[in-house]
Chemist: 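Once you've had a glance at the structure underneath, I'll fire off some questions.
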Number of protein chains: 2
Amino acid sequence: MTAEPADPALEPVRRPALSDEVIERIRARIASGDWPVGSRIPPEPELMRRLQVARGTVREAVRALAHTGLLEVRRGDGTYVKAKSELSGAVTRLYGGSDLGQLLEVREGLDAQAARLAAARADDTALDALADALRRRAAAWEAGDFDAWVTADWDFHAGVADASGNALLAELYHNLAGPLRTAMAEAWSTSGFQGADPVGHETLLAALRERDPAEAGRQAAANVSDTRAWDEGEGSRRG
Amino acid sequence: MTAEPADPALEPVRRPALSDEVIERIRARIASGDWPVGSRIPPEPELMRRLQVARGTVREAVRALAHTGLLEVRRGDGTYVKAKSELSGAVTRLYGGSDLGQLLEVREGLDAQAARLAAARADDTALDALADALRRRAAAWEAGDFDAWVTADWDFHAGVADASGNALLAELYHNLAGPLRTAMAEAWSTSGFQGADPVGHETLLAALRERDPAEAGRQAAANVSDTRAWDEGEGSRRG
DNA sequence: AAACGTAAGACGTCCGACGTTTGATGTCCA
DNA sequence: TGGACATCAAACGTCGGACGTCTTACGTTT
């Protein structure tokens with residue numbers, strides 16, 4: 001056990017693997033928006049040429065990013081950008097086809113916290129956008145347009161998360177959407193689930209306008225609780 | 001637009017990529033505990049032999065799992081299991097070195113929700129374990145043992161998350177630990193942060209024992225809020 | 001105009017080779 | 001005897017080429 005003096009200049013020379021370097025290059029392109037979601041990235045031969053690495057190295061990098069959900073590889077066609085964040089893939093894989101109840105409970109926690117923070121931080125622009133989402137939500141409910149209702153409802157909730165001023169919270173919330181939507185679609189097909197009370201959200205918005213974090217948190221929690229109660233309680237009725 | 005009749009027998013024949021199959025095999029071994037965290041997995045040549053695939057295929061799979069943080073590849077040595085869940089890596093990569101405040105706000109939301117759920121679901125065994133963690137926490141505080149305090153404090157909070165009966169919530173909470181610890185260590189070194197009021201947790205435990213979700217949620221939120229206030233408010237003092 | 005056949009592009013997999021790093025083993029000398 | 005050194009095998013890193021299969025686009029035929 002020789003005591004090693006801490007000498008930054010004598011740290012081990014570490015050279016990251018080439019494939020890791022390629023991963024970073026690709027991720028940077030995606031994060032910067034150079035390769036937007038849905039676009040096709042250059043084919044492997046071109047990446048080989050431009051990065052000056054062997055095909056196996058390129059493939060290892062692409063495969064890694066595809067596994068995390070950032071890329072989607074279509075054999076015979078090409079490789080496409082699927083998402084900007086890697087969180088979604090992890091959450092999806094962790095909870096693919098899992099309990100809707102658990103997802104909703106997590107959402108409730110994030111929802112309440114986002115509401116509390118948004119009550120303290122949201123600016124008027126954000127509040128107006130939330131009001132607009134609620135108008136569209138109500139209109140879709142009246143018209144019986146389920147898709148439009150889902151979209152508007154999500155716009156509202158996601159808007160609250162964005163208005164929380166917490167990027168991590170917003171990111172977590174957004175990435176919960178995929179699994180949530182899947183689970184909800186399944187619940188809808190098996191139990192006729194069609195959404196919650198269209199009134200409660202108004203009181204949440206009111207609490208946000210009044211800068212009342214505690215009340216906003218209560219209202220947000222109440223909204224999702226209603227949805228969950230509906231799903232668990234009356235969810236088995238159908239015909 | 002020819003309408004396609006839904007015929008399960010005529011669905012497209014899809015064969016998943018071999019490397020994806022290898023990924024699943026390895027992940028299954030890790031998830032099942034066959035290959036515990038810290039152990040070394042069989043070298044590439046043996047995986048080739050046992051899985052009957054080419055080395056490139058094995059490498060693509062290993063590289064993908066390494067990128068998500070499940071495996072750690074040490075050149076010249078071997079490949080080791082680094083974690084059981086892929087969430088940790090994603091969260092770390094997403095918020096490595098990010099705002100301590102944002103992490104704490106997310107934790108607060110999860111904490112409060114976990115407390116609410118635990119108040120309704122925790123059994124006596126779990127409650128006793130929480131009480132024990134609090135005892136250790138208090139003792140460490142008295143003794144000025146910072147490491148022991150951190151451990152006991154985390155045991156308590158994580159215990160609440162586990163007692164919530166929501167596996168997703170618990171998983172999210174546990175995987176927040178890494179980035180949180182890193183950010184806290186940084187805050188501690190720059191501002192002398194040393195932990196929050198050691199009293200509040202007792203009232204949370206009391207609320208859990210009384211099966212009072214609302215009160216438990218309030219207490220949990222209050223605990224972390226205190227910590228954040230300390231960090232943001234008095235965090236700049238030091239000498 | 002619709003159906004078919006064809007060809008090019010792109011990813012999937014395999015094989016073999018060599019380099020670099022690491023850890024362990026063995027050896028030599030003080 | 002014990003420590004420092006040299007050596008070697010194992011394991012990962014990278015490269016290059018080859019062939020198969022799938023997807024798409026395009027031209028041809030009917």
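Below, chains carry the letters A, B, ... as their sequence lines are ordered, and counting in each starts from 1. Computed from a prediction, not measured in an experiment: that's the story for all the values here.
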Chemist: NA contact type, B:Gly56, heavy-atom cut-off 4.0 Å: base, sugar-phosphate, or nothing?
Modeler: nothing

Chemist: When you match B:Val73 and A:Val53 each to their closest nucleotide on DNA chain D, which lands nearer the 5' end?
Modeler: B:Val73

Chemist: B:Ala54 has a side chain; which of D:dT14, C:dA10, C:dC14 sits nearest to it?
Modeler: C:dC14

Chemist: Looking only at side-chain N and O atoms, does B:His157 offer a donor or acceptor that is under 3.5 Å from a partner on B:Arg107?
Modeler: yes

Chemist: Return the nearest nucleotide to the side chain of B:Asp77; candidates are D:dA11, C:dG12, C:dT22.
Modeler: C:dT22

Chemist: Round to the nearest Å and state the distance from B:Leu51 atom CG to C:dC14 atom C1'.
Modeler: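 Those two atoms, CG and C1', are 15 Å apart.
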
Chemist: Can you find a side chain N or O atom of A:Ser19 that sits less than 4.0 Å from OP1 or OP2 on D:dT14?
Modeler: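 Indeed, a polar side-chain atom of A:Ser19 lies that close.
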
Chemist: In terms of side-chain heavy atoms, does B:Glu105 have a donor or acceptor partner in A:Gln113 at a distance below 3.5 Å?
Modeler: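 Not at all, the side chains of B:Glu105 and A:Gln113 share no donor-acceptor pair under 3.5 Å.
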
Chemist: Would B:Ser19 and A:Arg63 count as having a side-chain donor-acceptor pair, cut-off 3.5 Å?
Modeler: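 Their side chains do contain a donor-acceptor pair, which is all the 3.5 Å distance test asks for.
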
Chemist: Taking only nitrogen or oxygen atoms into account, show me every contact under 3.5 Å that the protein makes with nucleotides 18-20 of chain D, one pair per line with its distance.
Modeler:
{"unit_1": "D:dA18", "atom_1": "N6", "unit_2": "A:Arg55", "atom_2": "NH1", "d": "3.3"}

Chemist: Starting at atom CG of B:Leu18, determine the distance to atom P of D:dT21, rounded to an integer number of angstrom.
Modeler: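 Rounded to whole Å, this separation is 13 Å.
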
Chemist: In whole Å, I'd like the distance from the CD atom of A:Glu46 to the C1' atom of C:dG9.
Modeler: 13 Å

Chemist: Looking only at the side chain of B:Glu60 (C-beta and beyond, no hydrogens), which of the listed nucleotides D:dC12, C:dC11, C:dT13 gets closest?
Modeler: C:dT13

Chemist: Does A:Tyr80 have its ring centroid less than 6.0 Å away from the ring centroid of A:Trp35?
Modeler: no

Chemist: Less than 6.0 angstrom separating the ring centers of B:Trp141 and B:Phe146, yes or no?
Modeler: no

Chemist: Please report, rounded to the nearest Å, how far the C1' atom of C:dG16 is from the CE atom of B:Met48.
Modeler: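 Distance, rounded to whole Å: 10 Å.
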
Chemist: Specify the closest pair of heavy atoms between A:Val62 and A:Ile26, including all atoms of both residues, with the distance to one decimal.
Modeler: CG2-CD1, 4.2 Å

Chemist: CZ of B:Arg63 versus P of D:dA11: gap in Å, rounded?
Modeler: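 Taking atom P of D:dA11 as the reference, CZ of B:Arg63 is at 18 Å.
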
Chemist: Under 4.0 Å: is that the gap between some side-chain N or O of B:Arg59 and OP1 or OP2 of D:dG13?
Modeler: yes

Chemist: Reading DNA chain D from 5' onward, which residue's closest nucleotide shows up sooner: A:Gly76 or A:Asp20?
Modeler: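 It is A:Asp20 whose nearest nucleotide is closer to the 5' end.
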
Chemist: Rounded off to whole Å, could you give me the CD-to-P distance for the A:Glu21 and D:dT14 pair?
Modeler: 11 Å

Chemist: Over how many whole Å does the gap from A:His67 atom NE2 to C:dC11 atom C1' extend?
Modeler: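 Atom-to-atom, A:His67 to C:dC11, this comes out as 19 Å.
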
Chemist: Just compare D:dC12, C:dG12, D:dT14 and give me whichever is closest to any side-chain atom of A:Thr57.
Modeler: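 So the nucleotide nearest the side chain must be D:dT14.
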
Chemist: If you measure only the distance, is there a donor-acceptor pair under 3.5 Å linking the side chains of B:Glu171 and B:Ser85?
Modeler: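 Distance-only check passes for B:Glu171 and B:Ser85.
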
Chemist: In whole angstrom, give the distance that lies between atom CD1 of B:Ile23 and atom C1' of C:dG12.
Modeler: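 Checked: the CD1 to C1' distance equals 13 Å.
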
